[in-house]
Amino acid sequence: MKKLQHLFDSNLKWANQRKQEDPEFFSQLSQQQAPEYLWIGCSDSRVPANQIVNLPPGEVFVHRNIANVVVHTDLNCLSVIQYSVDILKVKHIIVCGHYGCGGIKAAMERDDHGLIDNWLRHIKDVGRFNADQLKGLNDKERMDRLCELNVIEQVSNVCNSSIVQKAWNNGANLTVHGWIYGINNGIIKDLETSISSVEELKKRNHNSHALPEN
Ligand code: CO
């Protein structure tokens, strides 16, 4: 018997159900993918991209890592952004964080978590950049706010990436969104931080951590 047999069984059941609903489903998908959305989300098992927006395979290109962080030197994430923008021509990049994020919580602690503390430094930086917004809040409020601020910061990082800047300069129809998901109620909230152009980015002062111009 195969290891993890129950997963193979459930896969077979799922594939058969799909074929029953639409006999062409897999043959069409195998020809090409043309998703309109790139989803950058947390690896948390409770925040599965396709399921929470109720979209079938083929509709969302997905990148997930701990605490949905977009780091300018992360070749993995940058490659996903570049491929989805330049080749797939997605129209929307969605950075979706979630309340109760374990990565954000760990970043707020002083404990030693091992290697991951290096990754979480990026979130500690978000806290440092926005210290004034976190002052005077209780623990729950601080955690919720840092989850939101982290999304806003990562939207800014996506917008300031050379890939998105180039796409906008070439006239691409591309919007970057910041959302947050409630694991306790299943509802997504738009943080109203969407940006569609270099001008909008400048206006929102999203690149406020950039070096000052002369
Ligand atoms: Co998380």
Side-chain angles (χ1 to χ4, degrees), residues 7 35 37-55 57 59-81 83-84 90 92-131 133-135 137-161 164 175-195 206 209:
L7 296 184
Y37 316 100
L38 164 62
W39 176 280
I40 299 174
C42 184
S43 299
D44 193 305
S45 62
R46 298 165 295 180
V47 195
N50 283 67
Q51 272 165 290
I52 64 176
V53 283
N54 202 19
L55 285 174
E59 303 285 327
V60 197
F61 203 67
V62 175
H63 178 78
R64 290 168 69 182
N65 61 39
I66 291 175
N68 41 272
V69 177
V70 177
V71 179
H72 288 300
T73 50
D74 177 4
L75 280 182
N76 184 350
C77 183
L78 292 178
S79 300
V80 170
I81 296 175
Y83 184 75
S84 61
V90 296
H92 303 275
I93 299 177
I94 299 156
V95 178
C96 187
H98 66 103
Y99 293 116
C101 182
I104 304 284
K105 184 170 177 289
M108 289 173 72
E109 297 165 353
R110 288 176 187 274
D111 309 350
D112 177 0
H113 305 93
L115 172 76
I116 193 172
D117 283 333
N118 299 290
W119 184 250
L120 298 176
R121 282 291 336 161
H122 297 292
I123 297 160
K124 287 181 192 279
D125 288 343
V126 175
R128 198 157 48 84
F129 295 150
N130 298 282
Q133 292 200 47
L134 297 166
K135 257 187 231 155
L137 303 178
N138 66 36
D139 285 355
K140 161 90 171 60
E141 290 167 339
R142 239 158 57 91
M143 166 88 182
D144 286 353
R145 188 64 189 136
L146 190 55
C147 289
E148 295 171 351
L149 289 168
N150 180 51
V151 170
I152 295 165
E153 187 71 22
Q154 306 316 324
V155 165
S156 166
N157 286 346
V158 173
C159 292
N160 283 303
S161 70
V164 170
T175 304
V176 184
H177 308 260
W179 295 357
I180 193 147
Y181 174 75
I183 40 177
N184 60 344
N185 62 9
I187 303 297
I188 291 169
K189 185 167 86 182
D190 189 341
L191 289 172
E192 293 179 11
T193 186
S194 304
I195 310 276
H206 251 268
H209 309 306

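Only this structure's heavy atoms are used, side chains among them; waters, hydrogens and symmetry mates stay out. Nothing here was measured: the structure is a model prediction, and the numbers come from that model. Both ligands and their constituent atoms are indexed starting at 1 by order of listing.
Each of Ile52, Thr193, Val53, Val151 was checked for a side-chain contact (heavy atoms from CB on, under 4.5 Å) with Trp179, and the lone residue meeting it is Val53. Each of Ile66, Asn68, Leu146 was scored for a side-chain contact (heavy atoms from CB on, under 4.5 Å) with Ile123, with one residue passing: Leu146.
At distances below 3.5 Å, at least one donor-acceptor pair connects side-chain atoms of His113 with backbone N or O atoms of Asp111.
Using the six-membered ring where Trp is involved, Phe61 and Tyr83 have ring planes that are tilted, between 30° and 60° apart.
Around the Co ion (ligand 1), the protein atoms of type N, O or S that sit closer than 2.8 Å are Cys42 SG, His98 NE2, Cys101 SG.
Atom CG of residue Leu191 and atom NE2 of residue His177 lie 12.5 Å apart, to the nearest 0.5 angstrom.
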Test Asn150 against Glu153 for side-chain hydrogen bond (donor to acceptor under 3.5 Å, both in side chains), laying out the working first.
CA-CA 5 Å; Asn150 180 51; Glu153 187 71 22; over 6 Å; no
